[in-house]
Number of protein chains: 2
Amino acid sequence: MNFGCLSVHNISRIKCYETGPVPEFSLDSFLPYQLAALSSRVSREFAKTYVSKFGITIPEWRVIFHLHTSGPVSVREIFQRVDMDKSKVSRAASRLEESGLISKKTNPTDRRLVELELTLKGYELMSKITPLALDFERRLMDKLGEQGPAFRETLAHFLKEDG
Amino acid sequence: MNFGCLSVHNISRIKCYETGPVPEFSLDSFLPYQLAALSSRVSREFAKTYVSKFGITIPEWRVIFHLHTSGPVSVREIFQRVDMDKSKVSRAASRLEESGLISKKTNPTDRRLVELELTLKGYELMSKITPLALDFERRLMDKLGEQGPAFRETLAHFLKEDG
DNA sequence: TTGACCTCGTTGCGTTTGCAACGATATGAG
DNA sequence: CTCATATCGTTGCAAACGCAACGAGGTCAA
């Protein structure tokens with residue numbers, strides 16, 4: 001189809017230029033690239049608008065969001081699902097505990113596990129942030145337009161498959 | 001529709017538990033969350049499988065990929081498109097220059113600009129990585145299934161809109 | 001019960017990151 | 001021209017990060 005500069009056969013810069021500018025096969029069609037750009041943009045935008053004003057970081061937001069939707073869980077459960085390094089989750093949890101937003105206690109049946117749980121203060125914070133988060137998401141969906149639901153569906157399906 | 005734990009009306013943990021487990025409104029349906037998880041997973045997977053073995057980092061890969069598809073550009077053009085901090089691009093470029101994969105020269109018409117350009121060595125590296133990248137992407141698309149093209153389309157459209 | 005082996009969460013450490021500040025260059029008004 | 005203002009890329013610095021190693025706890029076979 002469309003080769004141009006990213007063609008497998010492209011060897012030297014001269015050859016690339018000889019084929020002229022590439023109209024459609026640009027950066028924007030390499031999937032990992034697209035995902036990274038969109039994700040970073042969305043996360044940063046969301047953090048800028050809402051999260052910072054509550055004095056929490058992005059990793060901290062992810063942890064309490066997880067706790068809010070799933071109930072009390074272990075550190076492991078979070079970093080596996082969210083794809084954060086476990087030390088990142090651990091440190092975020094420590095900061096959240098210091099702030100009094102979550103509690104940490106050893107799971108009695110398996111004493112290796114640390115059970116994280118939102119405190120009342122944590123829930124109160126979430127009840128302030130949640131409307132903002134939902135509003136942000138809604139505006140994001142609006143931007144996606146009519147393909148939005150399908151897009152989200154594909155995303156969810158993929159994440160479920162991939163484990 | 002489906003409220004449960006993420007409901008705007010959710011105030012306390014007790015209330016949350018009273019509604020019971022939430023079957024569908026889980027983490028996996030909050031869009032920024034989904035995007036972050038997928039993007040991080042894809043980037044890391046790609047880096048693990050292919051990039052590391054060529055001795056370059058993810059930011060470096062993004063820079064040379066951009067140069068390969070767009071031709072010589074300034075630092076600014078890269079970090080605006082790819083959503084990396086400009087210092088990140090700057091440092092990646094310095095490392096790439098040290099490795100002899102790109103060249104840096106001052107733009108003569110605007111001496112503030114630094115024009116980055118792949119060297120022959122850089123092009124040779126890209127000609128090795130590109131097939132692997134395309135293969136990785138193809139397998140990713142396969143996983144997405146028949147919604148793949150639509151998904152990619154939505155992504156591209158959104159990125160273009162958002163500037 | 002012991003010992004080998006596994007998993008969980010934390011921590012130490014070197015590297016990378018993001019932010020702000022900077023020097024150098026460009027632009028435009030007066 | 002001069003001065004104020006803006007933009008570009010680099011760099012200093014504190015914070016955050018990822019990785020590996022660790023201690024503590026669990027599992028299971030011998």
Side-chain angles (χ1 to χ4, degrees), chain A residues 36-37 39-49 51-52 55-63 66-67 72-99 102-117, chain B residues 36-37 39-49 51-52 55-63 66-67 72-99 102-117:
Chain A
S39 158
S40 132
R41 213 167 284 182
V42 165
S43 279
R44 210 163 20 79
E45 190 67 24
F46 181 55
K48 187 172 59 187
T49 318
V51 177
S52 302
I56 57 174
T57 65
I58 295 180
E60 285 162 29
W61 154 253
R62 289 193 182 151
V63 169
H66 194 118
L67 291 180
V73 290
S74 66
V75 171
R76 172 177 171 274
E77 224 160 320
I78 296 183
F79 77 76
Q80 284 189 340
R81 282 282 286 280
V82 195
D83 215 72
M84 297 199 281
D85 189 82
K86 63 179 176 174
S87 64
K88 206 169 170 178
V89 174
S90 173
R91 290 192 252 247
S94 296
R95 288 193 301 264
L96 287 168
E97 191 192 23
E98 264 186 87
S99 316
I102 71 170
S103 65
K104 287 164 66 176
K105 64 171 184 182
T106 308
N107 184 318
T109 57
D110 185 342
R111 298 172 40 74
R112 291 172 305 178
L113 301 177
V114 172
E115 215 167 76
L116 307 179
E117 184 173 14
Chain B
S39 159
S40 132
R41 213 167 285 182
V42 166
S43 279
R44 210 162 23 78
E45 190 67 23
F46 181 55
K48 188 172 58 185
T49 319
V51 177
S52 301
I56 57 175
T57 66
I58 294 181
E60 285 163 27
W61 154 254
R62 288 192 182 153
V63 169
H66 194 120
L67 292 179
V73 289
S74 66
V75 171
R76 173 178 169 274
E77 225 160 319
I78 296 182
F79 77 75
Q80 283 190 341
R81 282 282 286 281
V82 194
D83 216 72
M84 296 199 281
D85 188 83
K86 62 179 176 175
S87 64
K88 205 170 171 178
V89 174
S90 173
R91 291 191 251 247
S94 296
R95 288 193 299 265
L96 287 168
E97 191 191 24
E98 266 186 86
S99 316
I102 71 170
S103 65
K104 287 165 66 176
K105 64 172 185 184
T106 307
N107 184 318
T109 58
D110 185 342
R111 297 172 42 72
R112 291 172 305 181
L113 301 178
V114 172
E115 213 167 77
L116 306 179
E117 185 175 12

If we only count heavy atoms from C-beta on, is the [X] to [Y] side-chain gap below 4.5 Å?
X	Y	result
H66(B)	R81(B)	yes
L116(A)	I78(A)	yes
N107(A)	R112(A)	no

Sort me out a list of protein N/O and nucleotides 18-23 of chain D N/O pairs below 3.5 Å, or just none if empty.
{"unit_1": "dG18(D)", "atom_1": "O6", "unit_2": "R91(A)", "atom_2": "NH2", "d": "2.7"}
{"unit_1": "dC19(D)", "atom_1": "N4", "unit_2": "S87(A)", "atom_2": "OG", "d": "3.3"}

Nearest-angstrom distance from the residue atom [atom1] of [X] to [atom2] of [N]:
X	N	atom1	atom2	result
R111(A)	dC6(C)	CZ	C1'	18 Å
E115(A)	dC8(C)	CD	P	14 Å
F79(B)	dT7(D)	CZ	P	11 Å
K48(A)	dG18(C)	NZ	P	14 Å
K104(B)	dC8(D)	NZ	P	16 Å
I58(B)	dC17(D)	CD1	C1'	13 Å
L116(A)	dT10(C)	CG	C1'	13 Å
L113(B)	dT25(C)	CG	P	12 Å

Donor-acceptor check, side chain of S99(A) to backbone of R95(A), threshold 3.5 angstrom: yes or no? yes
Just checking S94(A): base, sugar-phosphate only, or nothing, at a heavy-atom cut-off of under 4.0 Å? nothing
Give a yes-or-no answer on whether the side chains of S43(A) and R62(A) include a donor-acceptor pair shorter than 3.5 Å. yes
Phosphate contact (dC8(C) OP1 or OP2) by R76(A) side-chain N/O below 4.0 Å: yes
Drop me the distance from R111(B)'s CZ to T106(B)'s OG1, to the nearest 0.5 angstrom. 6.0 Å
Per atom distances to the R112(B) side chain, the nearest of dG9(D), dA24(C), dG9(C) is dA24(C)
Where the side chain of D110(B) is concerned, which of dA26(C), dC17(D), dG9(C) is the nearest nucleotide? dA26(C)
Among all residues two or more places apart in sequence or in another chain, which pass the salt bridge (charged side-chain N to carboxylate O under 4.0 Å, His left out) test with E115(A)? none
